[in-house]
Asks: 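Sharing a structure with you now.
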Number of protein chains: 2
Amino acid sequence: MPAPLIPKEEVLDRLTAAFRQHGFDGASIARLSEATGLGKASLYHYFKGGKQEMAEAVMAHVGGSFSELVLDPLRRDAAPAQRLNQMILGLNEFYHRGNASCILDLFGIGSAGELFRLQLKGSIDRFRNAIARTLEDAGLDQTIATNRAEDAVVAIQGALVISRATDSRDAFQRVIAELPGRLLRQP
Amino acid sequence: MPAPLIPKEEVLDRLTAAFRQHGFDGASIARLSEATGLGKASLYHYFKGGKQEMAEAVMAHVGGSFSELVLDPLRRDAAPAQRLNQMILGLNEFYHRGNASCILDLFGIGSAGELFRLQLKGSIDRFRNAIARTLEDAGLDQTIATNRAEDAVVAIQGALVISRATDSRDAFQRVIAELPGRLLRQP
DNA sequence: GTCTATAAGCAGATAGAC
DNA sequence: GTCTATCTGCTTATAGAC
């Protein structure tokens, strides 16, 4: 029995890249096979549930990276401004400086929408809450903190859409650079 | 020769709805046929270029509605605040109160991305410029006006992504309601 | 301008050898 | 765990009758 050609971690990275590039409906098994370097049958050996299971694994994988790079910095024991700055660095890496689409966008569309809506909702909640806590720690009123946190999530998603559509990272870079100031401003 | 069952305008409305619901890759000819009530062959009679031409027609059609509902109010001869308020009303109608995805998002993904990138870029430019002019008319510095206009486009796109992912119109409604204040605030 | 029927190819998924 | 070969159904697109 041959050893796996590449570790599962690497397979997930490549599947993630393919889904991010083509979306769920556009990512055919043939493309996923090419992206991973594994034959179709090998993919089905890894993921017996087929394309849906691949997408679920990608969601979990991406969720892990997001927690590490973006959420954990927000939850650390540091000054709110510092936590937000760390989040910006994490966002920049997570979204490849604005080159990568967000799964929250891609998996909300078409047939993926029905499959993943609940998980998308949960991910958005966690992100918004982590930012809101940070803003409350900075002394902001709870309602204001929640709304501004949602504004941040909205701005990030919108910036990614615009950056993709215009094939330029400028919008994403400007928006995330201005985030800490917008979130912490008075009142 | 039988008369057309439904006017082309109505065909475009239904195609638009189907593309908005399923995305480009997810909108199969069978679904488009069902959505319009026309047989596949009738669709190809209308759109000899196939699915791509249907999508192009939808882009043009949607672009027309957008100009009417959103851009024209911004270009009218009225006070900037009033023009922005009219834009909000137009956005609310154009995006079905937050229920409809934006073509700028959907057609930036997957195989549609390569086909429509230039048009997407143009549409975003026109929208941002129309807002920026309004803000300049309100006395804002040109650079600030341009950045805030981009922020508005970003916020609208992001709010639509979040509203779709969470299956709730709340984010969209709050974001667009707060737009005029955010755009016109001093400094 | 509509339809039914069909072509040709790609989709997701599987069987079974090594 | 990998592969080649294959199945079934759906995909885009077309032909041709009415």
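Sequence lines set the chain letters: A, B, ... in the order given, protein chains first and strands last, and positions in each chain run from 1.
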Asks: Does OP1 or OP2 of C/dA13 have a side-chain N or O of A/Tyr44 closer than 4.0 Å?
Replies: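 Answer is yes, contact under 4.0 Å.
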Asks: From C-beta outward on B/Lys40, which listed nucleotide comes closest to its side chain: C/dA11, C/dG12, D/dA13?
Replies: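 Closest nucleotide to the B/Lys40 side chain: D/dA13.
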Asks: Please give, in whole Å, the distance from D/dT6 C1' to A/Ile29 CD1?
Replies: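 From A/Ile29 CD1 to D/dT6 C1': 16 Å.
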Asks: Take the protein atom CG of A/Leu43 and the nucleotide atom P of C/dT14, then report the distance between them rounded to whole Å.
Replies: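 Taking CG of A/Leu43 and P of C/dT14, I get 13 Å after rounding.
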Asks: If I take atom CG in residue A/Leu32 and atom P in nucleotide C/dA13, what distance separates them, rounded to the nearest angstrom?
Replies: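 The distance from CG of A/Leu32 to P of C/dA13 comes to 11 Å, rounded to the nearest Å.
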Asks: Expressed in angstrom and rounded to an integer, what is the separation of B/Glu53 atom CD from D/dT14 atom P?
Replies: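 Spelled out: CD on B/Glu53 to P on D/dT14 is 11 Å.
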Asks: Output the rounded distance in Å from NZ (A/Lys51) to P (C/dC10).
Replies: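 Spelled out: NZ on A/Lys51 to P on C/dC10 is 16 Å.
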Asks: Specify the separation, in whole Å, of atom CZ of A/Phe24 and atom P of C/dG12.
Replies: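 Computing the A/Phe24:CZ to C/dG12:P distance gives 9 Å.
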Asks: Within 45 degrees of the axis of the six-membered ring of B/Phe47 and under 6.0 Å from its centre: does B/Lys8 put its NZ or CZ there?
Replies: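 Yes, cation above the ring, under 6.0 Å and within 45°.
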Asks: Write down the distance between OH (B/Tyr46) and C1' (D/dT14), rounded to a whole number of angstrom.
Replies: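 Checked: the OH to C1' distance equals 19 Å.
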Asks: Identify which nucleotide among D/dG1, C/dG12, D/dT12 has an atom closest to any side-chain atom of A/His45, counting heavy atoms from C-beta outward.
Replies: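 In terms of side-chain proximity for A/His45, the closest of D/dG1, C/dG12, D/dT12 is D/dG1.
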Asks: Take atom CG of B/Leu115 and atom P of D/dT12, then tell me their distance rounded to the nearest Å.
Replies: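 Spelled out: CG on B/Leu115 to P on D/dT12 is 14 Å.
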Asks: Taking atom OH of A/Tyr44 and atom CD of A/Glu53, what is their separation to the nearest 0.5 Å?
Replies: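 Nearest 0.5 Å value for the OH-CD distance: 11.0 Å.
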Asks: Verify the distance criterion only: is there a donor paired with an acceptor across the side chains of A/Ser101 and A/Arg164 at less than 3.5 Å?
Replies: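 Side-chain D/A pair, A/Ser101 to A/Arg164: present.
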Asks: Inspect the contact between B/Asp151 and B/Arg148 and indicate whether a charged nitrogen and a carboxylate oxygen are less than 4.0 angstrom apart.
Replies: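 Looking at B/Asp151 together with B/Arg148, the answer is no, because their closest N to O distance does not fall below 4.0 Å.
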Asks: Does B/Ser42 put a side-chain nitrogen or oxygen below 4.0 Å from OP1 or OP2 of C/dC3?
Replies: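 Result: yes.
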Asks: If you assign each of A/Ala27 and A/Ala41 to its closest nucleotide in DNA chain C, which residue comes earlier from the 5' end?
Replies: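 So the residue in question is A/Ala27.
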